[in-house]
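First listed ligand is number 1; within each ligand, the first listed atom is number 1. These numbers were taken from a predicted model, which means no experiment stands behind them.
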Amino acid sequence: MNNIENIVVDTGTTAYPIYFADDFGSLAEAAEKCGYKGRKLCIITDNNVGGIYAETIKREMEKVFSEVKVCTFKAGEKSKTLDTIRDFYEFLLENKFDRKSVIAGLGGGVAGDMAGFAAASFMRGVDFIQIPTTLLAQVDSSVGGKVGVDLGSYKNVVGAFYQPKFVYINTSSLDTLPKREFSAGMAEVIKYGIIQSEDFYKYIIENKEKIKSFDKEYIRHIIRSCCEMKAVVVSKDEHDTGLREILNYGHTIGHAVEGLKGFELLHGECVAIGMAAVTDISVKRGYIGEDKLAELKELLKFFDLPVSVSGLKAENVYEQLFHDKKVSSNKLKFVIADSVGSTIRTSDVAKDEVMAAINSVIED
Ligand code: NAD
Ligand code: GLY
């Protein structure tokens, strides 16, 4: 495709493009390139995104697919369950989808993670496309093939690694995204700076007004930069056995907060709280100065993100950590910044350190 830019995620076992566009006008061409002419497509989306974009995308995809159906679920993390996946399977069977059919996830991380999990398991696996429409999904969840659902208060504990055939990012779809959701995505954007690139972190700080005011040039730059950084990590460690763990900076404590708060806070908001907490460990160890933690908290607050949480007991948060997927042989694993733009991965973190980190973000 000549008219839109792309980068390639190459995991060694598979390679696929991430397209960057300003409309949905090249979607059919992207699908045609995958050889989907004459096949059936199921677009899985939530009721918010479906109401805005499903018809446009259906019309576009009908240029290639013989039949396009839209399967809609109730928006929000509380829908990210096996019950919803069962509804998808029933929809697919009722509409006679088969092994040659294709599933597209249209929406935020919830739609993408669930559509991907349905694609990974329906008929033992059908092709899958990601069409992310939140900032969080465009910079993170649509890339890298982690798909799955929550189980009760435990985040993403049922799932698979299942790479999409392509990711199609239409930056203009962010025009309709609620402000709070945009902020939640900024938590993951800031995360990339802390874990991988001091220059990128500085770019965010220097251009924070432009980014917050949604200047497209800056938004395009941050989305592409995050995708490039994630593509490098995923290509080196597709199955999260080492390096990829850095992408979970702040997520271990963040996931615990998210589950214990009954999914009232957004995922990105919990990641912000988790990053503030885990960066406390870096400060106490002398890896980074107090001023850097203060700078991080100011940046998160600038994007209207929380850096503390009320109504939780530190001990309960600590217990919840042991249900994280990163726990191995009952030992917690942490990603800790040893400077801005660089991290270490370690299981060697004492309970006292973790409790102090949790307490640093718990409001009385
Ligand atoms: P989300 O999917 O719930 O979307 C947020 C809200 O925005 C929803 O209400 C949705 O309907 C609405 N929305 C989405 N796009 C819109 C648009 N363009 N215009 C108007 N409204 C729109 O939440 P999210 O923050 O995108 O994703 C969070 C999920 O992603 C969590 O479940 C998290 O675990 C997962 N996640 C997965 C990965 C991964 O690697 N797979 C990475 C990070 C996060
Ligand atoms: N968001 C974490 C990962 O993709 O590994």
Side-chain angles (χ1 to χ4, degrees), residues 9 11 24 44-54 56-57 72-81 84 105-117 120 128 130-150 154-164 167 169-189 191-192 195 226-227 229-231 233-234 236-252 254-255 258-259 263 265-272 274 325-326 335:
V9 183
T11 67
F24 289 119
I44 290 181
T45 188
D46 70 34
N47 57 310
N48 295 335
V49 181
I52 310 172
Y53 298 111
T56 307
I57 291 173
T72 307
F73 65 91
K74 188 169 180 290
E77 187 73 31
K78 286 183 183 158
S79 291
K80 199 176 162 187
T81 64
T84 311
L106 166 66
V110 172
D113 282 14
M114 284 204 294
F117 188 60
F128 168 49
Q130 283 275 23
I131 311 172
T133 62
T134 62
L135 179 63
L136 183 140
Q138 296 189 351
V139 299
D140 191 355
S141 63
S142 65
V143 176
K146 280 190 183 174
V147 297
V149 294
D150 307 326
Y154 304 127
K155 280 283 300 172
N156 300 334
V157 286
V158 177
F161 290 98
Y162 198 67
Q163 302 294 341
V167 180
I169 296 177
N170 169 9
T171 319
S172 296
S173 65
L174 298 181
D175 290 348
T176 54
L177 188 68
K179 273 205 162 60
R180 185 176 167 198
E181 300 293 348
F182 178 77
S183 292
M186 280 309 299
E188 302 279 10
V189 172
K191 173 194 80 177
Y192 284 103
I195 61 171
C226 292
C227 287
M229 286 188 266
K230 183 152 185 182
V233 174
V234 170
K236 289 185 179 154
D237 177 22
E238 181 181 7
H239 293 120
D240 209 2
T241 54
L243 177 69
R244 188 166 176 172
E245 289 172 357
I246 66 171
L247 296 174
N248 272 321
Y249 191 74
H251 282 55
T252 307
H255 281 163
E258 195 176 352
F263 301 113
L265 292 172
L266 301 180
H267 175 73
E269 292 171 342
C270 296
V271 168
K325 293 186 301 306
K326 298 288 172 297
V335 179

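Considering only non-hydrogen protein atoms, atom 4 (O) of ligand 2 sits nearest to K230 NZ, 2.6 Å.
H251 and E245 share no side-chain donor-acceptor pair at under 3.5 Å.
Every residue two or more places apart in sequence or in another chain that forms a ring pair (Phe, Tyr, Trp, His ring centres under 6.0 Å) with F24 is listed here: Y53. Remark: F263 engages no residue in a ring pair (Phe, Tyr, Trp, His ring centres under 6.0 Å) (not counting sequence neighbours).
Considering backbone and side-chain N/O of R244, one or more are found under 3.5 Å from N/O of ligand 2. The shortest N/O to N/O separation between D140 and ligand 2 falls below 3.5 Å.
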Hey, mind stepping through I57 and L106 against side-chain contact (heavy atoms from CB on, under 4.5 Å) and telling me if it holds? CA-CA 9 Å; I57 291 173; L106 166 66; 3.5 Å; yes
If you apply the rule side-chain hydrogen bond (donor to acceptor under 3.5 Å, both in side chains), what do you find for T252 with N248, and how did you get there? CA-CA 7 Å; T252 307; N248 272 321; over 6 Å; no
For residues 134-144, which side-chain donor-acceptor pairs fall under 3.5 Å, sequence neighbours excluded?
residue	atom	partner	partner atom	Å
T134	OG1	A137	N	2.9
Q138	NE2	P132	O	3.0
Q138	NE2	N170	O	3.4
Q138	NE2	S173	OG	3.3
D140	OD1	K230	NZ	2.6
D140	OD2	K191	NZ	3.2
S142	OG	A137	O	2.7

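Heavy atoms of E245 stay at 4.0 angstrom or farther from ligand 2.
For ligand 1, the 4.0 Å heavy-atom shell takes in D46, N48, V49, I52, Y53, A75, E77, K80, G108, G109, V110, D113, T133, T134, L136, D140, S141, K146, K155, N156, S173, T176, L177, P178, E181, E188, K230, H267, ordered by chain and residue number.
Panel note: side chain N47, backbone A75; a donor-acceptor pair is recorded below 3.5 Å.
Those atoms of ligand 2 with a heavy atom of K146 less than 4.0 angstrom away are 2 (C), 3 (C), 4 (O), 5 (O).
Using a 4.5 Å heavy-atom cutoff, the side chains of V234 and R244 are in contact.
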